[in-house]
Every structure is written in C-alpha cells, then in structure tokens.
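Just so you know, ligand 1 is whichever comes first in the structure, and atom 1 is the first atom listed for that ligand. Keep in mind that what you see is a predicted model, and the values were worked out from it rather than measured.
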Amino acid sequence: MNAAIRMEGLKKSFGRTEVLRGIDAEVPEGAIYALVGANGAGKTTMIKVLMNILRRSGGRAEVLGEDSRSLKGAKFCQIAYVSENQKLPEGMTVGAMLDFVRPFYPQWDRALERELVERFDLPLRCKLKHLSRGMRMKAAFASSLPYRPKLMVFDEPLGGLDPLVRDELIEGILERAQDATIFLSSHDLAEIESFASHVGYLENGRLLFSEEMGTLAERFREVTITLTGAARLPAEMPEEWLLPEAKSSVVRFVHSRFHAGVSEREFAERFPAAKEVAVEAMPLRAIFLAIAKSGRKHRAAAPVKTTAEGKVGA
Ligand code: ATP
C-alpha cells in the first residue's frame, strides 16, 4: 500500500531544543491516522514540518509522494490543512470567505459546498469574528472539503468543542472523505477512539508507536496469574511485560506483545506454580496509560512481528 505521508528519522529543533527526535512513521493512503500526545509533545511542530511551514532539521518527510519541502502552490490543491489556531479572515462573512477561496481550486464542487453549509448550519452572512469556536471550525472545514483533497491534515480540530458539535464535525468530514487520507492530531484519546484507523503516540518528540488500532488492541493484554504459593516476580522479566507487580499470591502485568498460544506457553514456563491465568483485552485508554507509565517504552511499545509458525519476534 502506498503511503500518503512517510517520515524517516525526521528531526526538528528550535535552537538547542530538540522537539522532534527522529520520527519514523508511515500514514497509509486511505487511513484515518490520529497523532496523539500530551500538550507540548511536538504534534503541531510535526504537522507544520509536513506542511512545509517549518523547515526540518534532519531526516526526511514525504507527503503525497514528494519531499515535503517542495510542497507549494498547485500541490496544495490536493491537501486540506485546518488548524485549531488557524487565522481566518475575521472581517469577512462566511459567504465572502467561500467566494474568495473557491477560485483557487479548479475542481471545487459547488454542490458539496452547499451541502456542507447546510449540514453545518453555517450563517453565510455572519462575519467570521462573530462565530463561536465550533462554528469557526465548521467554516474552516466548509472551505477545505469542497475541493475534495486527497490528504486532509487537521491540527487539533476537535479540541474544546462540545460533544454534539464534535460528533457533527466528525460525521460531516468522514462521510465526505471516503477516498481521502486523514491525518489529525489530538491530545485526547477518547476523542479519536471511535473513528481512527491508525494511531501514533508522540511523547517528548519521540513516536512510541505507530500502528493500526486493531493490531494495537490485539497485542496488549492484562495478565493476572494466581499462584499456589506466595507470588514473586521472576528475576528477569521479558521487556514486553509492562508494570509487573506481585501481591500475596497474584502476579499482574500488561503484556505488550501478546500472541495467543505462544504467550500462554511462556506463562506456564515462567510460573510453574500457576493455579489460574486470566488474560483480558484492554481498552485503548488503559493501553496508553500502561505505555505512558512504563519505563521501558521504546522496545516494549514496538509492534509485534509474527512469523508463519506463529513465533513472536521483535
Ligand atoms: P499542544 O497539544 O499543546 O498544541 P503540541 O504537541 O502540538 O502541543 P508543539 O506545539 O509542537 O506541541 O510544541 C512542542 C514544543 O516545541 C513545545 O515545548 C514548544 O514550546 C516548542 N516550540 C514550538 N514552536 C516553537 C518555536 N517556534 N520556537 C521555540 N520553541 C517552540
């Protein structure tokens, strides 16, 4: 599958401060990729480098098959970029802004524009400076979707919106972006959980993982092992067992590379006195928390690679 965005060792520093510390990631065409991370993790910086607003300090970045540094002019006819902090022409009415933007895009779809204005209930005669935050985002989307961009890049598009407006926006965008790739940032996992197909987790300028939501959910398990005697952790714990703890006769940990069949055999070998082993799937929030709390983030968070024989390797 082709990548709509590809980053290889991507770095960005401001003076001596390294904000992106070597990012490797791919956003497959057609994906809805959510870049999640706390405030200050580097999400906006990454997006600005990808959109050629900021110059990278090292590594490579490709957007729609081209070096991100060559993004300009006509290439932006295929890209929508909407940011939370985007400056809008405040003195213009919504209608005037749409009139202004339309001629820049030869492929502009008037019917889609009308549909969006109706769907988002946008007041065409109202000046942008008088719009609420949610309405401003809707106006920004109404001026970005009608040219049917191949790639949509949204920086914190949903931050601070009430749930109703948020759902309306998500539905409105997804319905009209069937063939497009969406790359959006968010600091709130709950916000993206229901619709993202891929997720990347950025912490302090490093991407702790970048993968499909489904595989992430498949490889993380909460494991509880009840022993016949007092519980003790093995002297050497596998790196992929996160947050291990032993209390009375119970050992608990989060397995970050669980593989049915293989992992159970490993539990039996390491805990011969096991009376009961419980393996439970984890909600995404719990997975993120386990990664964030764990001190072994990098290796443990790497996606699993499975061989044809079902063996698990790093
Ligand atoms: P938020 O969710 O709060 O928007 P973020 O993940 O988008 O955060 P960035 O805005 O990319 O994070 O900022 C990452 C770090 O880079 C922060 O410490 C910020 O202070 C720093 N930074 C961003 N832009 C600049 C700049 N122009 N000059 C110096 N430092 C900057």
Indicate, with yes or no, if the rings of [X] and [Y] have centres closer together than 6.0 Å.
X      : Y      : result
Tyr81  : Phe183 : no
Phe154 : Phe141 : yes
Phe267 : Trp241 : yes

Aromatic plane relationship, Phe253 with His255 - under 30° parallel, 30 to 60° tilted, over 60° perpendicular: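 Taking Phe253 first and then His255, their aromatic rings sit tilted (interplane angle of 30° to 60°).
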Would you call the rings of Phe288 and Tyr201 parallel, tilted or perpendicular, where under 30° means parallel and over 60° means perpendicular?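 The arrangement is perpendicular - the two ring planes meet at more than 60°.
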Under the side-chain hydrogen bond (donor to acceptor under 3.5 Å, both in side chains) criterion, do Ser186 and Glu191 qualify, and how do the steps go? CA-CA 8 Å; Ser186 168; Glu191 204 171 77; 2.8 Å; yes
Write down, by chain and number, every protein residue that brings a non-hydrogen atom to less than 4.0 Å from an atom of ligand 1.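 Within 4.0 Å of ligand 1, the protein residues are Phe14, Val19, Ala38, Asn39, Gly40, Ala41, Gly42, Lys43, Thr44, Thr45, Glu156.
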